[in-house]
Amino acid sequence: MCAKGASRTPSSRASKEPKDERLQAPRGGERLRGRRSTRGAPLSAARVVASAAVSALGRGRAAVLPSGPSAVGFDRALAALGLGAPRAARVELTREGAVDPARALLALAAEELTAALDQRAPGWRARRLCVVLGTSSGGMVSQEAAFEALANGADVSPALAAQASYFGPLQGLAGILPNAPLVQVYAACASSAMALGVALRVLQSGAADLVIAGGYDVIAPLVAAGFESLGVVTASEPRPFSLARDGLALGEGAALLALTRAEPSISKAYDTAVQGSKAPDAAEAAALSVSESHETAAQDSAAAPDAEGAADRRERSARYLLGFAASSDAAHPTAPAPGAPGLVAAAQRALAEAGAAAPEEARGPRIVNTSDESSALAAAQAGLDEAWLISAHGTATLANDREEALAIAQLSARAPVHAFKARVGHTLGAGSALELLAAFECLEHGAPALPSPPHELALSAPRPAHPRGASRVLKLAMAFGGCNVALTAARSPINISTTERYGARLAQVGSPVREPETERLARLGRAGPLTARRLDALSALCASAALSLLSAEELRAFEGEPLGVSVRKRIGVVVGTLAATLSHNQGYHAELMRRGHGRAPPRGFPATSPNLAPGMVSILFGLGGPCFSVGAGAAAPLEALFVATQLIEAGDADEVWVIAADVVTEDVGRLLAAAGLELLHGALAARVVRAADSEPRLDSSAILAQLTHVERSASSSRQSGGAPSPREGWPRLLEWLQGDGSGCARGPSK
């Protein structure tokens with residue numbers, strides 16, 4: 001049963017809950033919450049065409065087998081660093097040479113996926129492609145090597161500098177997916193969940209026909225030391241939700257899913273082809289619809305030699321991504337809010353998009369307004385039954401598991417729960433994608449859900465030990481910065497809801513900020529002087545840029561507002577950044593060199609995540625919408641603008657603050673220059689809001705095309721040895737927006 005008030009902030013009361021207010025859009029913008037556009041195509045599900053996975057368990061299906069012994073074990077590399085709990089789950093990779101391990105891991109997964117697509121969907125390369133990947137650490141292993149060289153006064157080679165950025169590993173995709181625009185999501189431990197959600201929105205918008213999405217990460221010494229400094233690392237094995245749990249173990253992995261729209265015409269063609277139709281159009285459409293596992297029959301113990309068995313396998317392996325929602329707790333940079341109300345709210349909206357309802361109501365597609373929280377609440381009110389499997393975030397840490405268990409209990413007292421981190425560890429940016437594939441395996445083979453009890457009391461209600469009757473998945477994810485993500489998926493497109501799309505318009509562009517405005521931030525009641533003065537450089541720049549968007553009246557609303565009193569649930573934050581947290585990471589790395597990895601300072605570790613900055617903006621201003629960073633290269637600010645339009649158009653937010661920000665110190669400038677990039681220090685914020693039918697709106701396809709043009713131009717300049725452009729980062733966004741978006745705006749709906 002879903003608890004009343006689950007989406008409220010922890011300190012609110014039923015009788016005194018403050019009104020969920022939106023900030024007024026400038027220049028007379030309307031309050032559009034609850035209004036539905038009558039224009040545009042409806043949302044639809046995505047079909048998983050193929051997938052690839054790599055983890056400490058192996059490759060292909062072996063990487064996501066949901067049950068069996070844990071791959072976590074003693075790690076010599078972490079022990080050599082002096083860590084007190086050297087436990088990890090490593091992927092077997094060739095780690096010698098100059099190639100960054102994250103780049104090698106991502107390329108390995110991409111090669112497997114493209115081979116599967118070549119076999120099952122010839123001609124897929126000619127379709128309109130997009131790649132959306134999530135990572136927590138990116139090229140941090142190379143980053144640390146570059147910091148060490150800088151500390152010793154040595155020059156950083158162009159090759160090392162190029163791999164040391166957060167988007168450095170994407171270089172490995174150049175020869176595999178040379179023509180696809182890239183978006184890289186930084187949502188810390190929820191990165192691949194957010195990437196899959198963005199991918200779903202890209203498909204639904206019609207900006208691409210085929211989207212490759214997922215995530216990757218390897219274990220970097222800095223990250224391992226940071227997690228141990230927080231006191232959240234296990235001395236044995238991760239035991240999610242167990243009363244005997246003592247922490248997480250880091251893991252490595254990559255998981256990619258190829259997604260296409262599950263339109264009725266394609267589904268009909270697939271059914272016809274399975275029944276033996278020889279119609280060329282049906283066969284061609286079915287080629288992009290068949291979603292079998294990409295491993296060979298020899299690897300599939302369930303393989304059947306006869307035609308009937310093959311058809312059964314095709315039906316069993318059909319996989320769909322149905323819904324997505326994201327929220328921010330707007331409460332604490334690292335700890336989940338009590339009761340995880342933001343996670344519950346995200347789950348409710350994702351369930352509503354999937355058409356989730358009580359069994360007697362689940363008859364055919366339903367129209368659901370996902371921007372209406374009461375509609376989402378009603379969809380989950382009866383609680384999920386045994387037809388749903390809940391794929392938990394399940395870090396096995398004390399605080400996260402406790403609050404997530406409370407959230408799960410509010411969503412269902414009967415649905416089985418699966419926690420894949422018990423097998424492969426916490427694979428950070430790859431985690432949610434790997435866990436979703438493992439959940440599909442649970443649906444298809446009835447694997448055990450949670451490890452042995454006793455569990456958190458909130459999960460003590462009787463739940464099936466094996467999800468044999470389940471056919472749908474609710475995937476949950478939580479991360480630094482208060483980020484929450486929920487995905488819904490299924491083995492069938494039945495009950496896919498449809499929701500009309502909205503328009504997005506550029507409402508305001510703020511003033512460039514070169515230095516943080518600490519004293520003005522200190523006057524915000526939700527922050528206070530101490531919090532404002534302790535902000536890391538990237539968070540301070542982003543928050544200061546956000547101030548320039550607010551009128552005097554809006555600022556007065558924030559001054560004196562205590563933390564936890566009000567959350568503006570329909571406003572999100574997306575930060576586009578090239579430098580990300582390089583400057584902070586260099587300082588943290590220097591501390592590790594001075595103290596030793598076994599004595600890492602806990603306070604500085606959270607700010608090594610590029611997701612902390614949008615999270616802190618959400619906390620400081622009480623914004624409860626999606627919050628994360630993006631940056632796949634030179635076009636990072638345009639990535640943020642593109643993603644913001646996707647969120648607005650799908651109804652995930654009424655308003656998104658887009659912030660382009662880079663902290664550029666002398667050393668960071670040298671490092672980026674060696675990689676062929678020249679950045680200006682500073683930040684710029686813009687406001688993207690939902691457009692009324694009569695207003696001009698942003699054209700997300702035009703923004704995506706511009707994003708691709710910018711990145712290709714920058715790449716060509718680097719390869720030719722040309723001088724780097726000084727307009728990258730926030731100056732490029734400002735120039736583009738001042739020029740009316742180079743044609744990104746289109747006329748009002750007719």
Side-chain angles (χ1 to χ4, degrees), residues 100 103 106 130-133 135 138-139 142-143 146 156 158-175 177-186 512 538 541 574-583 610 613 629-644 658-664 668-684 686 700 702-739 741-742 744:
D100 183 88
R103 172 178 173 172
L106 178 59
C130 185
V131 179
V132 186
L133 299 177
T135 186
S142 293
Q143 194 179 119
V156 177
L160 178 58
Q163 294 187 119
S165 66
Y166 273 88
F167 51 84
L170 300 181
Q171 295 176 100
L173 301 180
L177 297 164
N179 298 316
L182 296 172
V183 174
Q184 180 150 277
V185 171
Y186 307 119
L538 183 60
L541 268 182
V574 181
V575 172
T577 178
L578 284 78
T581 56
L582 283 173
S583 63
S629 293
V630 294
L638 294 177
E639 284 179 62
L641 184 64
F642 171 70
V643 170
V658 174
I659 305 174
D662 287 296
V663 177
V664 184
V668 168
R670 288 172 54 199
L671 183 62
L672 292 171
L677 289 169
E678 185 174 337
L679 295 181
L680 289 181
H681 177 87
L684 176 75
S700 58
I703 300 172
L704 183 62
Q706 180 69 10
L707 182 158
T708 306
H709 171 73
V710 169
E711 185 53 46
R712 286 177 182 171
S713 298
S715 178
S716 298
S717 176
R718 289 193 295 268
Q719 291 174 4
S720 64
S725 169
R727 295 185 297 107
E728 306 300 355
W730 66 265
R732 179 179 289 279
L733 181 64
L734 179 61
E735 177 184 328
W736 198 68
L737 293 177
Q738 287 179 336
S742 298
C744 77

task: Measure from the side-chain N and O atoms of E639 to the backbone N and O of Q184, and report whether any donor-acceptor pair falls under 3.5 Å.
output: yes

message: Please give me the minimum heavy-atom distance between A146 and V156, naming the atom from each residue.
response: O-CG2, 3.9 Å

- prompt: Taking the side chain as C-beta and beyond, is there a heavy-atom pair between L106 and T135 under 4.5 Å?
  reply: no

- line: Here the gap from D662 atom CG to L538 atom CG, rounded to the nearest 0.5 Å, amounts to 8.0 Å

- line: In terms of heavy-atom contacts, A580 and P610 come closest through CB-CG, 4.1 Å

query: Quick check: does any side chain N or O of S165 sit under 3.5 Å from a backbone N or O of A161, one acting as donor and the other as acceptor?
result: no

query: Which distance, rounded to the nearest 0.5 Å, do you find between the CG of L578 and the CD of E728?
result: 6.5 Å

- prompt: Between atom CG of L582 and atom OH of Y166, what is the distance when rounded to the nearest 0.5 Å?
  reply: 7.0 Å

statement: In short, P169 meets G138 closest at the heavy-atom pair CG-C, 3.6 Å

- line: CD1 (I659) and OG1 (T577) are apart, to the nearest 0.5 Å, by 11.0 Å

- line: Separation between CZ (R732) and CG (L679), nearest 0.5 Å, reads 11.0 Å

- line: Output for pair (T581 OG1, Y186 OH), nearest 0.5 Å, gives 9.0 Å

- request: Sequence neighbours left out, what passes side chain to side chain donor-acceptor pair (under 3.5 Å) with S142? Give chain and number order.
  value: D100

- line: Taking every heavy atom of S583 against every heavy atom of V663, the minimum-distance pair comes out as OG-CG1, 3.2 Å

message: Is there a side-chain contact between V643 and V185 in this structure, where contact means two heavy atoms from C-beta onward sitting under 4.5 Å apart?
response: no

- prompt: Hey, mind stepping through L641 and W736 against side-chain contact (heavy atoms from CB on, under 4.5 Å) and telling me if it holds?
  reply: CA-CA 11 Å; L641 184 64; W736 198 68; 3.4 Å; yes

message: Using side-chain heavy atoms (C-beta onward) and a distance below 4.5 Å, is V664 in contact with L680?
response: no

- prompt: Can you list the residues that meet the side chain to side chain donor-acceptor pair (under 3.5 Å) rule with S629, with sequence neighbours excluded?
  reply: none

- request: Apply side chain to side chain contact (heavy atoms under 4.5 Å, CB included) to A640 and list each qualifying residue two or more places apart in sequence or on a separate chain.
  value: V574, V630, V658

- line: With sequence neighbours left out, the residues meeting side chain to side chain donor-acceptor pair (under 3.5 Å) with Q163 are none

query: Which heavy-atom pair separates L684 from P512 by the least distance, and what is that distance?
result: CD1-N, 3.8 Å

Ring pair (Phe, Tyr, Trp, His ring centres under 6.0 Å) involving F642 - partner list, sequence neighbours excluded: none

field: Side-chain heavy atoms of L541 within contact of H681, under 4.5 Å
entry: yes

